[in-house]
*Asks:* 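This is the structure I want to talk about, given as structure tokens.
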Amino acid sequence: MRNLILVGPMGAGKSTIGRLLAKELRLPFKDSDKEIEQRTGADIPWIFDVEGEQGFREREQAVIAELCECDGMVLATGGGAVMRPENRAALRRGGRVVYLHASVDQQLDRTSRDRNRPLLRTADPAKVLGDLLAIRDPLYREIADVVVETDERPPRLVVQEILERLEALPPR
Ligand SMILES: Nc1ncnc2c1ncn2[C@@H]1O[C@H](COP(=O)(O)OP(=O)(O)OP(=O)(O)O)[C@@H](O)[C@H]1O
Ligand SMILES: O=C(O)C1=C[C@@H](O)[C@@H](O)[C@H](O)C1
Ligand SMILES: [Mg+2]
């Protein structure tokens, strides 16, 4: 098998669901955001402050290219990973892609408690999330093998649905 890759917006649950899926499938788990932080030795807000979003996106592209060359792991990506066509191509090649969908209201609720998302350090995070979703939703769908709704559904249920939906897919 190749990898199992989760894409979707901030607060869709990619990191949370990815960790649970990996445990369930007894596969290693990697999170591109965490990988970037480890390699840089700094957190994401620091990278945005010092290198700008552009600097972060360069680091993200390098990490995604490398992780997508691996096999047999669950990979959670950052919410903006689909913005670059090079990343979309790498993710498609890297394995099965699952789009975790969440409404703006749910994203807002799930991201309101922590401060590690620089794009949401704004007076109107709902507008930012809405604008980003309008641009990115077609890109998530473009590369997804399956789309799974996460609104009002606990992580365990989302994991179960992903496993069932992947099982039902014809071979690529
Ligand atoms: N299905 C769910 N139901 C309820 N809460 C959830 C669900 N999925 C994730 N959460 C919670 O929402 C918060 C954000 O989840 P998580 O960090 O996994 O999102 P993410 O998609 O990885 O976001 P980012 O793109 O910013 O990395 C966490 O506190 C997590 O516990
Ligand atoms: O949606 C985005 O562009 C981002 C999402 C996070 O996962 C991080 O990758 C970073 O905060 C940017
Ligand atoms: Mg995450």
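In listed order, ligands and their atoms are each counted from 1.
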*Asks:* Applying the side-chain contact (heavy atoms from CB on, under 4.5 Å) criterion to L6, which one of L21, T16, L75, T77 satisfies it?
*Replies:*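 Option passing the side-chain contact (heavy atoms from CB on, under 4.5 Å) with L6: L21.
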*Asks:* Any heavy atom of M83 sitting closer than 4.0 Å to ligand 2?
*Replies:*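 It does not; every heavy atom stays at 4.0 Å or beyond.
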*Asks:* May I ask you to list the atoms of ligand 2 that are less than 4.0 angstrom from any heavy atom of P118?
*Replies:*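 Close to P118: 11 (O).
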*Asks:* Quick one: which ligand 2 atoms are inside 4.0 Å of a heavy atom on R57?
*Replies:* 2 (C), 3 (O), 12 (C)
*Asks:* Check each atom of ligand 1 against the heavy atoms of M10 and keep those under 4.0 Å away; list them by number with element.
*Replies:*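 Those qualifying, in numeric order: 23 (O), 24 (P), 25 (O), 26 (O).
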*Asks:* If I compare all heavy atoms of E149 with all of V158, which pair ends up nearest, and what's the gap?
*Replies:* O-CG2, 4.4 Å
*Asks:* Which residue holds the protein heavy atom closest to atom 25 (O) of ligand 1, what is that atom called, and what is the gap in Å?
*Replies:* K14 NZ, 2.6 Å
*Asks:* What are the two closest heavy atoms between L119 and V128, and how far apart are they?
*Replies:* O-CG1, 3.7 Å
*Asks:* What part of R136, side chain from CB on, backbone N/CA/C/O, both or neither, has a heavy atom under 4.0 Å from ligand 2?
*Replies:*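 The side chain, only.
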*Asks:* Looking only at distances, please establish whether an N/O atom of ligand 2 is found under 3.5 Å from an N/O atom of D33.
*Replies:*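 Between D33 and ligand 2 (N or O atoms, distance only) the closest approach is under 3.5 Å.
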*Asks:* Which atom pair, heavy atoms only, marks the closest approach of R172 to R92?
*Replies:* NH1-O, 2.9 Å
*Asks:* Answer whether the closest heavy-atom distance between the side chains of V148 and H101 falls below 4.5 Å.
*Replies:* no
*Asks:* Heavy-atom contact under 4.0 Å between P155 and ligand 1?
*Replies:* yes
*Asks:* In this structure, does ligand 1 have an atom that sits under 4.0 Å from one of the heavy atoms of A76?
*Replies:* no
*Asks:* Between L100 and M83, is there a shared hydrophobic cluster once you connect ILVMFWY residues whose side-chain heavy atoms come closer than 4.5 Å?
*Replies:* no
*Asks:* Report yes or no: does R121 have a heavy atom closer than 4.0 Å to ligand 2?
*Replies:* no
*Asks:* Measure the distance from atom 26 (O) of ligand 1 to every protein heavy atom, then report the residue, atom name and distance (to 0.1 Å) of the closest one.
*Replies:*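 Ranking protein heavy atoms by distance from atom 26 (O) of ligand 1, first comes R117 NE, 2.5 Å.
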*Asks:* What atoms in ligand 2 come closer than 4.0 Å to a heavy atom of F56?
*Replies:* 9 (O)
*Asks:* Judging by distance only, is a nitrogen or oxygen of G79 under 3.5 angstrom from one on ligand 2?
*Replies:* yes
*Asks:* Taking atom types as modelled, find out whether Q106 and E152 have a side-chain donor-acceptor pair closer than 3.5 angstrom.
*Replies:* yes
*Asks:* Taking atom CD of E58 as the centre, report whether more than 12 heavy atoms of other residues, nucleotides or ligands fall under 6.0 Å from it.
*Replies:* yes
*Asks:* Working to the nearest 0.5 Å, report the span between CG of L4 and CZ of R2.
*Replies:* 12.5 Å
*Asks:* Using every non-hydrogen atom in the two residues, find where L133 and P138 come nearest and quote the distance to one decimal.
*Replies:*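 Closest pair (atom of L133, atom of P138, distance): O-CD, 4.3 Å.
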*Asks:* Less than 3.5 Å apart, any donor N or O on the side chain of R59 or S32 sitting next to an acceptor on the other?
*Replies:*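 Per modelled atom types, R59 and S32 side chains form no pair under 3.5 Å.
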*Asks:* Which ligand 1 atoms are under 4.0 Å away from a heavy-atom of D33?
*Replies:*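 Near D33, meaning under 4.0 Å from one of its heavy atoms, ligand 1 has 27 (O).
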*Asks:* Between P9 and ligand 1, which part of the residue brings a heavy atom under 4.0 Å of the ligand: side chain, backbone, both or neither?
*Replies:*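 Within the 4.0 Å criterion, P9 contacts ligand 1 through backbone atoms alone.
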*Asks:* If I take every N, O or S atom of S15, is at least one of them less than 2.8 Å from the Mg ion (ligand 3)?
*Replies:* yes
*Asks:* Counting only heavy atoms, which portion of R113 has something under 4.0 Å from ligand 1: side chain, backbone, both, or neither?
*Replies:*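 Near ligand 1, R113 shows nothing, with every heavy atom at 4.0 Å or more.
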*Asks:* At their closest point, which heavy atom of L108 faces which heavy atom of P125, and how far apart are they?
*Replies:* CD1-CB, 3.9 Å
*Asks:* Taking 4.0 angstrom as the limit and counting only heavy atoms of G78, give me the atoms of ligand 2 inside it, by number and element.
*Replies:*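 Ligand 2 atoms under the 4.0 Å threshold to G78: 7 (O), 9 (O).
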*Asks:* Who's closest to atom 7 (C) of ligand 1 heavy-atom-wise, of R110, E149, R153?
*Replies:* R110
*Asks:* Test your reading of the structure: does T16 have an N or O sitting under 3.5 Å from an N or O of ligand 1?
*Replies:*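 Yes, T16 has an N/O under 3.5 Å of an N/O on ligand 1.
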*Asks:* Starting from atom 19 (O) of ligand 1, locate the nearest protein heavy atom and write down its residue, its atom name and how far away it is, to 0.1 Å.
*Replies:* G13 N, 3.3 Å
*Asks:* Cut-off 3.5 Å, side chains only: do Y99 and D145 have a donor facing an acceptor?
*Replies:*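 Absent: no donor and acceptor within the cut-off.
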*Asks:* Is any N or O atom of G11, backbone or side chain, closer than 3.5 Å to an N or O atom of ligand 1?
*Replies:*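 N/O-N/O distance below 3.5 Å exists for this pair.
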*Asks:* Which one holds for L119 and ligand 2: side chain close, backbone close, both close, or neither close, with close meaning a heavy atom under 4.0 Å?
*Replies:* side chain
*Asks:* If you apply the rule salt bridge (charged side-chain N to carboxylate O under 4.0 Å, His left out), what do you find for E51 with R57, and how did you get there?
*Replies:* CA-CA 10 Å; E51 299 183 347; R57 298 296 172 203; over 6 Å; no
*Asks:* Taking 4.0 angstrom as the limit and counting only heavy atoms of G79, give me the atoms of ligand 1 inside it, by number and element.
*Replies:*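 It comes down to these atoms of ligand 1: 25 (O).
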